[in-house]
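Each remark here refers to the structure printed beneath this line.
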Amino acid sequence: MELPGASEAPHLIDQIPTRFITEDDCVGVLVGGPAPDFATRLEDMPLSPVTLVPVVLITAAELEHVRMGGRKAREALVQQLTAAGHGHRSRLDRPDLV
C-alpha cells in the first residue's frame with residue numbers, strides 16, 4: 001500500500017527517515033505480511049471479534065522495487081524480511097533489502 005503526500009503530515013516527516021519516502025512523496029507499507037508472531041484474532045471484544053494484521057513500513061527503495069515488480073516483488077520482499085529476522089516489525093534502522 002502507498003500512502004501519498006508524506007510531506008503534508010508533519011508528524012510523519014518528523015519521525016520517519018527520508019530513505020523511507022519516495023521521490024514522489026509516498027511512504028510504503030506491507031499490509032498483512034510477513035506473518036506475525038502474535039495472535040491475529042481477539043475473540044472477547046465488546047462488540048465483535050477483531051482480526052489483527054501486521055503493517056510493515058518499507059523503505060523507498062523497497063517500494064520502488066515493488067512498484068516495478070508487482071506481486072512477485074512484494075512476495076519476495078516478505079520472504080526477505082522474514083529471512084533477515086525482521087519479520088512483521090517496522091524498524092527505522094534496518095537496511096534496504098533490495
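Every value quoted in this text rests on a predicted model; they were computed, and no experiment measured them.
Heavy-atom contacts from other residues, nucleotides or ligands closer than 6.0 Å to CD of E23 number 12 or fewer.
Tested against L63 for a side chain to side chain contact (heavy atoms under 4.5 Å, CB included), the candidates T22, V29, L30 yield a single pass: T22.
Ion pairing between R67 and E62 fails under the 4.0 Å rule for side-chain N and carboxylate O.
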Can you give each donor-acceptor pair under 3.5 Å made by side-chain atoms of residues 78-85, sequence neighbours left out, with the distance rounded to 0.1 Å?
unit_1 : atom_1 : unit_2 : atom_2 : d
Q80    : NE2    : L97    : O      : 2.9
T82    : OG1    : V78    : O      : 3.0

Extract all donor-acceptor atom pairs below 3.5 Å that involve side chains of residues 45-55 and protein atoms in other chains or at least two apart in sequence.
unit_1 : atom_1 : unit_2 : atom_2 : d
T51    : OG1    : R41    : NH1    : 3.2

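Tracing side-chain contacts under 4.5 Å through hydrophobic residues (I, L, V, M, F, W, Y), one never reaches V56 starting from M1; they form parts of separate clusters. Following chains of ILVMFWY side-chain contacts shorter than 4.5 Å, one cannot reach I58 starting from I16, and the two form parts of different hydrophobic clusters. Under a hydrophobic-cluster definition in which Ile, Leu, Val, Met, Phe, Trp and Tyr are linked whenever side-chain heavy atoms come within less than 4.5 Å, directly or via other members, V31 and L12 are assigned to the same cluster. In the hydrophobic cluster analysis, where Ile, Leu, Val, Met, Phe, Trp and Tyr join through side-chain heavy atoms closer than 4.5 angstrom, L42 is grouped together with F38.
Side-chain contact between H88 and D37: present, with at least one pair of heavy atoms (C-beta onward) separated by less than 4.5 Å.
Across all non-hydrogen atoms, the minimal contact from T59 to R19 is CG2-NH1, 3.3 Å. Annotation for C26 and E2: closest pair SG-OE1, 3.8 Å, computed over non-hydrogen atoms.
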